[in-house]
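Right, one structure below, let's go through it.
As the structure is a computational prediction, the values presented were derived from the model and not from experiment.
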Amino acid sequence: MINRSHRSYGSFACSEDAPDGLGLPSSQAYDMDRGRDDLEPIVQDGRGGTSLTSPRELPDNETSNSSSFVSKRRAYLTLGILLFVNLLNYMDRYTVSGVLIKIKKYYHDLGNSEAGLIQTAFICSYMVFSPVFGYLGDRYTRKYLMAGGILLWALFTLASSFIPADYYYGFVLLRAMVGIGEASYSTIAPTIIADLFAKDLRTQALMIFYFAIPVGSGLGYIVGSNVADLLGSWQWALRVTPGLGVICVILIIFFSVEPQRGMSEGNNVHLSNTAVKTDLKELALNKSFVLSTVGFTCVAFVTGALAFLAPTFMTYSTQFQGTPQTEAFISLIFGIITVAAGFLGVALGAQISQRWKRTNPRADPLTCALGLISCVPFLFFALVISRYNTLITWILIFLGETMLCLNWAVTADILLYVVIPTRRSLAESVQILISHAFGDAISPYIIGQISDTLASKSIDPNRPAVQFPAMQTALYLTTFVCVFGGAFYLATALFVEKDKKRAELTTKGLDPNLADNENDDDDALLVPGGPANCYLADEEVLSEPSYIVN
């Protein structure tokens with residue numbers, strides 16, 4: 001029998017080496033006690049066992065935690081590198097938006113729908129190749145996959161800046177190829193963070209990682225438009241990021257770690273990859289994953305439309321009001337607002353969900369729903385007021401973007417804890433595929449097409465007096481999509497507890513159907529067997545530093 005005398009929240013795997021202190025073999029505990037902070041494990045598994053171990057690369061089809069660990073220094077260094085790459089990723093993605101009017105003129109006065117096609121082509125390529133890298137990311141060394149993809153992205157970005165004015169579709173094609181490189185990174189990076197950090201630290205790490213979305217997007221508007229003005233050509237805006245991309249490749253290869261899959265779940269993870277068909281079937285049956293993916297698709301639809309079209313819309317707005325501002329100035333203001341709103345929104349979303357979870361285990365999807373639904377009035381009145389007052393419009397856009405950004409880190413956290421470690425890259429890729437296919441891949445084109453249709457009724461459709469009200473009417477669509485997305489996050493809250501528990505049980509090699517019985521006591525989590533095959537339940541801990549088995 002097991003002597004149970006104290007309550008804890010940890011889960012230890014019993015092995016031939018007796019657990020010592022934090023659940024580590026005694027030799028490892030000795031190494032940790034030598035006083036070197038950078039060698040201490042970064043997180044505790046369930047506040048009781050070590051959840052961060054060393055970057056030993058596993059066979060491609062197996063995940064099994066060992067007894068070593070990753071130092072704090074290496075873990076945070078890896079997080080910093082991933083943050084920098086993600087920052088550059090979004091900076092490059094929205095550089096085009098900051099110089100879109102110049103691009104439209106350069107390629108012989110493109111319409112709004114043709115301009116939207118630039119972003120649509122990029123997103124289509126990005127989402128199509130995401131499942132490919134999702135499959136590879138669950139089976140092969142992830143940092144090399146990311147490095148190769150980023151190198152491709154840098155080369156295609158640089159090449160796109162040399163396309164002549166008569167070859168618009170060549171420019172579109174190369175922007176589409178940039179999506180291949182970004183797909184390699186976006187599907188894999190969150191899974192590395194998930195393997196390095198657990199529980200509250202994972203939420204905080206994801207919050208830091210997703211700061212790069214608004215900050216990088218804002219820098220894209222600012223750097224792109226101002227570099228173009230400074231050097232007298234919009235092409236130079238696309239020549240800033242490729243050099244930085246090469247630096248990212250070097251950092252990933254030589255300074256980041258490749259953690260074991262499932263490392264943060266503790267020392268009791270033994271998983272093997274299953275067939276893709278099986279993985280996809282399990283993801284389709286995961287209600288929390290499916291519903292949150294639909295909700296996030298609505299987020300992608302709205303953010304994609306605003307990010308790509310808002311600078312152009314606000315430029316037309318100032319011209320319509322008779323106080324015209326340059327595209328560079330508008331992009332600078334919108335970039336600053338995006339950075340500030342995103343920074344505040346991502347941090348606020350992570351903090352709200354983390355604190356709310358102390359009293360409500362469904363806090364994550366409820367926080368996402370709150371963000372989307374709260375965004376609606378700010379976005380709606382921003383569009384209304386844009387006809388009359390630019391300053392108030394900027395304030396409302398800031399508040400709306402803040403609410404919209406509550407979702408980024410929290411949605412990623414939901415996916416990572418309702419999906420088992422060996423399916424996370426594929427799950428990320430499926431979510432990317434769906435959210436972009438029905439989100440920001442089509443929203444710039446759809447809104448641009450609606451705008452062009454409304455403007456075409458005028459004799460001179462290119463006049464700001466025609467373009468502004470046409471785009472204003474088309475952008476109202478985003479407010480309805482926000483409400484729709486909020487409803488799906490509310491539906492996610494109905495299933496998230498059970499799906500999280502099922503993933504935890506499966507990861508530990510236990511029967512996931514135990515999650516369906518809410519009255520199971522802790523003894524149900526015990527696996528029969530000898531010292532090499534037993535687990536302490538979530539609220540049990542050995543009274544002594546060693547285990548007792550009769």
Side-chain angles (χ1 to χ4, degrees), residues 77-100 102-103 106 118-119 121-123 125-126 129 133 142-164 167 170-189 192 208-256 307-308 328 331-332 335-336 338-339 342:
L77 176 61
T78 299
L79 177 61
I81 292 170
L82 295 179
L83 171 64
F84 177 56
V85 179
N86 206 29
L87 191 73
L88 200 61
N89 175 2
Y90 280 88
M91 181 177 167
D92 174 79
R93 186 180 299 188
Y94 291 107
T95 296
V96 171
S97 300
V99 292
L100 187 58
K102 292 182 176 65
I103 292 175
Y106 179 80
I118 298 172
Q119 189 74 347
F122 164 81
I123 296 298
S125 171
Y126 174 60
F129 281 91
F133 286 104
R142 290 170 287 185
K143 70 177 187 177
Y144 296 139
L145 291 171
M146 289 193 299
I150 292 167
L151 184 60
L152 285 177
W153 154 62
L155 293 175
F156 285 128
T157 297
L158 183 62
S160 67
S161 69
F162 294 100
I163 302 299
Y167 295 91
F171 178 77
V172 172
L173 177 62
L174 284 177
R175 288 304 298 175
M177 294 300 99
V178 172
I180 299 176
E182 292 201 16
S184 70
Y185 176 77
S186 298
T187 57
I188 293 173
I192 292 178
I208 293 171
F209 177 74
Y210 284 107
F211 277 149
I213 294 179
V215 175
S217 301
L219 288 175
Y221 301 126
I222 295 169
V223 174
S225 59
N226 285 277
V227 166
D229 277 4
L230 180 65
L231 298 178
S233 172
W234 65 265
Q235 285 89 343
W236 285 103
L238 299 179
R239 296 168 187 168
V240 175
T241 55
L244 296 174
V246 174
I247 295 175
C248 289
V249 171
I250 295 172
L251 290 174
I252 287 175
I253 292 176
F254 295 104
F255 296 99
S256 66
F308 197 73
S331 294
L332 175 64
I336 292 173
T338 300
V339 170

Nearest 0.5 Å, please: how far is [atom2] in [Y] from [atom1] in [X]?
X: Y167; Y: L174; atom1: OH; atom2: CG; answer: 13.5 Å
X: M91; Y: I222; atom1: CE; atom2: CD1; answer: 9.5 Å
X: C248; Y: M146; atom1: SG; atom2: CE; answer: 10.5 Å
X: L219; Y: I336; atom1: CG; atom2: CD1; answer: 10.0 Å
X: I250; Y: I81; atom1: CD1; atom2: CD1; answer: 11.5 Å

Does any non-hydrogen side-chain atom of [Y] lie less than 4.5 Å from one of [X]?
X: R93; Y: V178; result: no
X: L83; Y: L79; result: no
X: V240; Y: T95; result: no

What's the verdict on ring-ring contact (aromatic ring centres under 6.0 Å, His included) for F162 and W236, showing C-alpha distance, side-chain angles and the deciding distance? CA-CA 10 Å; F162 294 100; W236 285 103; 8.2 Å; no

Centres of the W153 and F122 rings: under 6.0 Å? no

Scan for salt bridge (charged side-chain N to carboxylate O under 4.0 Å, His left out) pairs involving residues 218-236, sequence neighbours excluded, and state none if there are none. K102-D229

Which heavy-atom pair separates T187 from F133 by the least distance, and what is that distance? OG1-CB, 3.6 Å

Evaluate the ring planes of Y106 and W234, with Trp represented by its six-membered ring, and classify them as parallel (under 30°), tilted (30 to 60°) or perpendicular (over 60°). perpendicular

